[in-house]
Number of protein chains: 2
Amino acid sequence: MATIDDVARAAGVSTSTVSYVLSGKRPISAPTRARVERAIEKLGYRPHAGARALASSRTNVIALMAPLRVGVSVPVIMQFVAGVVTRARDFDHDVLLLTQDDVSGLDRVTSGSMVDALVMMDIEADDPRVPLVAAAKQPTVLIGLPEDPEGLSCVDLDFEAAGRLAVRHLAGAGHTDVALIGSPPEVLRRHTSYAERMMRGLRNQAKSSGVTVDVEACDSTPSGATEAVDTLLATAPDTTGIIVHNEGALPHVLARLADRGIVVGTDMSVVAVCPTDVALSQRIPMTSIDLPAEDIGKVAVDMVMARLEGEQPSETRLLAPVLTERASSAPGPAGALG
Amino acid sequence: MATIDDVARAAGVSTSTVSYVLSGKRPISAPTRARVERAIEKLGYRPHAGARALASSRTNVIALMAPLRVGVSVPVIMQFVAGVVTRARDFDHDVLLLTQDDVSGLDRVTSGSMVDALVMMDIEADDPRVPLVAAAKQPTVLIGLPEDPEGLSCVDLDFEAAGRLAVRHLAGAGHTDVALIGSPPEVLRRHTSYAERMMRGLRNQAKSSGVTVDVEACDSTPSGATEAVDTLLATAPDTTGIIVHNEGALPHVLARLADRGIVVGTDMSVVAVCPTDVALSQRIPMTSIDLPAEDIGKVAVDMVMARLEGEQPSETRLLAPVLTERASSAPGPAGALG
DNA sequence: TTAGCGTATTGAAACGCTTCGACGATCCAG
DNA sequence: CTGGATCGTCGAAGCGTTTCAATACGCTAA
């Protein structure tokens with residue numbers, strides 16, 4: 001492998017000149033730059049990442065800590081990941097993937113200076129990783145919202161507003177008895193932030209809209225969905241509007257409703273909270289509140305890069321929910337308009 | 001951040017001694033080792049990854065090039081990824097995630113010495129990435145099988161055997177007209193290796209078992225699946241056995257069959273080729289040939305690490321398919337036993 | 001003519017680690 | 001007792017960059 005010195009020799013300049021051509025941190029005359037670039041080209045030179053990291057304390061790598069936990073929808077995670085990786089490249093960064101059980105990994109990559117920054121997903125209300133990264137020298141942004149962000153930046157869909165929006169939509173269409181088929185019990189047990197925020201918004205809006213709301217946790221399996229639907233229909237038989245906030249269970253919920261002879265879009269209005277492509281790949285195009293996973297991933301990278309460059313203060317960004325009406329929801333017993 | 005020199009000073013030894021304690025490459029007396037370890041502990045010392053990479057030409061990072069392409073099942077990809085990440089940690093390595101469009105990324109991470117080795121997924125028959133990594137100094141293993149591996153190691157499910165096994169199963173149960181609902185057209189157009197191998201095995205076995213076989217490409221969408229089922233039933237109405245090799249389309253295929261009044265497990269035998277958990281989370285537990293994605297990922301790491309340590313020759317490992325009978329398949333018109 | 005300035009370039013000192021050769025001490029065989 | 005191994009430790013030379021201070025070279029202004 002050619003080194004920067006080889007390039008310098010080939011171009012007839014000093015090492016530092018080559019470095020400055022590469023980094024653009026100092027003005028270089030056009031002819032010199034051209035000679036250097038030609039030499040780089042000819043030698044197929046690539047700077048050594050380790051040497052660069054050592055000298056500059058910059059690795060051009062960010063860590064992405066992704067869950068792979070039971071109870072979270074894998075395709076949705078992947079959308080976040082895709083957003084992060086794509087956007088990271090725009091900033092000339094690569095992505096080191098850390099998984100769930102890898103809590104020690106946090107220490108390794110931060111203390112070992114393996115990465116310039118971190119993005120963490122699947123944040124719990126009281127997440128043990130938060131104090132760890134808050135103490136690290138690398139800037140971090142959380143996808144999700146812990147109880148105490150300890151000065152870290154956060155980004156997420158505004159699930160509380162989403163909960164309100166969903167109820168408002170159903171109540172406005174004349175439904176008086178609505179329900180949530182939500183996250184799996186494990187997710188709730190972990191106090192995963194999005195699930196709790198969703199429920200809060202839901203309950204508040206239900207109160208102020210004067211509708212009843214029943215909440216069912218739901219495993220992302222066929223049997224889990226069946227059970228949730230059956231329980232719901234038993235405990236709250238007057239329900240005419242369901243909000244499903246569980247990508248994995250969604251198809252099975254619809255299947256169970258169909259099995260029980262309930263026609264979605266007619267007998268029962270269903271609002272899904274999920275990425276649009278998931279909403280569209282159900283048996284019926286679903287009325288849904290979009291979970292813009294890929295966008296959120298991108299925003300996360302934007303935020304963390306901003307902190308890396310300037311000394312921005314930390315911030316929390318909650319994206320406004322957008323509801324798109326499709327075939328799965330319709331006016332309820334009290335008639336349209338609420 | 002404490003450096004190795006700080007540790008050496010605190011322990012009253014030389015820098016190199018600390019290094020040898022860390023790496024174990026030279027014998028160190030018990031008392032000295034203890035002193036050094038205490039100092040490390042006290043100072044919270046972590047070696048600087050960049051410095052280490054520079055001095056030792058080892059990064060303890062492997063690159064994972066994962067697709068995120070249209071037409072491949074995201075949950076399945078994630079299982080590969082999980083296997084790779086998990087196993088990599090067993091070898092004290094982290095994983096740098098490269099995505100699809102990142103062909104330049106290959107050059108970046110190899111020439112820039114960012115990684116010690118590579119694992120590449122979603123290999124096409126004539127994959128442009130193969131010559132690139134074959135020329136790189138880092139060992140690489142391919143998950144999949146290109147036409148010419150150019151000396152690289154490969155690992156995958158033996159899809160050709162899987163195709164044979166599926167047909168043998170159906171033919172043995174008395175089915176004389178079988179069909180494949182396979183990968184999306186894009187996947188075929190790319191000459192993705194697993195799809196082609198599957199079809200080859202299928203056709204060969206069909207010939208020698210004396211059964212007819214109809215092949216339908218299939219988009220992983222509800223409409224794609226509907227179309228594939230409808231076309232199949234129109235062009236080969238005598239079909240009583242279907243092999244579905246398309247995780248994304250599977251639920252929709254089953255839904256369409258149900259819509260058309262065809263009872264899977266009675267009127268129609270269906271064999272899925274997919275991870276077991278996917279097979280189990282359908283409306284009926286599916287007879288399936290397991291795609292052990294996570295295992296394959298792990299084996300890939302094992303192989304690449306073996307090449308990294310010793311100077312093993314490259315090898316190709318094709319995992320034998322295993323068919324598990326469940327509720328979706330039954331004897332066909334010619335009666336059980338073939 | 002010279003002092004002073006700005007711009008393009010250079011030299012050399014880090015950056016934090018690994019590793020090779022060397023060295024002193026201890027041990028055993030002859 | 002001596003010569004040669006063996007064992008544990010050390011010193012120093014890299015590894016390939018970046019970056020700071022310094023320099024060289026026109027300029028312009030005085």
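To find a chain, count down the sequence lines: A is the first, B the second, and so on, and within it residues start at 1.
Bracketed by its first and final contacts, the part of DNA chain C lying under 4.0 Å from non-hydrogen atoms of chain B reaches from C/dG16 to C/dA22 in 5' to 3' order.
Comparing the end axes of the helix from C/dT1-D/dA30 to C/dG30-D/dC1, each fitted to five base pairs by superposing C1' atoms of four pairs onto the next four, gives an inter-axis angle of 50° (nearest 10 degrees).
From B/L318, atom CG reaches atom CD of B/E315 across 10.5 Å, with rounding to the nearest 0.5 Å. Between the CE atom in A/M303 and the CZ atom in A/R87 there is a gap of 13.0 Å [rounded to 0.5 Å]. How far CE of A/M305 is from NE2 of A/H93: 4.0 Å, rounded to the nearest 0.5 Å.
Among the protein residues, B/T3 comes within range of the sugar-phosphate backbone only, with heavy atoms under 4.0 Å from sugar or phosphate atoms but none that close to a base. Using a 4.0 Å heavy-atom criterion, one finds that B/S16 contacts the bases of the nucleic acid, with or without backbone contacts as well. If you check every strand for non-hydrogen atoms under 4.0 Å, B/R58 touches nothing.
With D/dT19, D/dG11, D/dT17 as the candidates, the nucleotide lying closest to the side chain of B/S14 is D/dG11.
D/dT18 atom P lies 13 Å from atom CD1 of A/I28, rounded to whole Å. The separation between B/R26 atom CZ and D/dT9 atom P is 12 Å, rounded to whole Å. Atom CG of A/L22 and atom C1' of D/dT19 are 14 Å apart (whole Å). In this structure, A/I40 atom CD1 and D/dG16 atom P are separated by 16 Å, rounded to whole Å.
Surrounding CD of B/E41 are at most 12 heavy atoms belonging to other residues, nucleotides or ligands under 6.0 Å away.
Side-chain contact check for A/V304 versus A/T140: every heavy-atom pair is 4.5 Å or farther apart. In this structure the side chain of B/M65 never reaches within 4.5 angstrom of the side chain of B/V133, judged on heavy atoms. Side-chain atoms of B/R58 and B/L308, non-hydrogen and from C-beta on, do get closer than 4.5 Å to each other. Inter-residue side-chain proximity for A/R129 and A/L142 is flagged as unmet; no heavy-atom pair is nearer than 4.5 Å.
Between A/A293 and A/V76 the shortest heavy-atom distance is CB-O, 4.0 Å.
A donor-acceptor contact under 3.5 Å is formed by the side chain of A/Y20 with the base of D/dC20.
A sub-4.0 Å separation between OP1 or OP2 of D/dT18 and a side-chain N or O of A/S19 is present. Of the side-chain N and O atoms in A/K25, one or more sit less than 4.0 angstrom from OP1 or OP2 of D/dT19. Between D/dC10 and B/T17, a contact under 4.0 Å exists linking OP1 or OP2 to a side-chain N or O.
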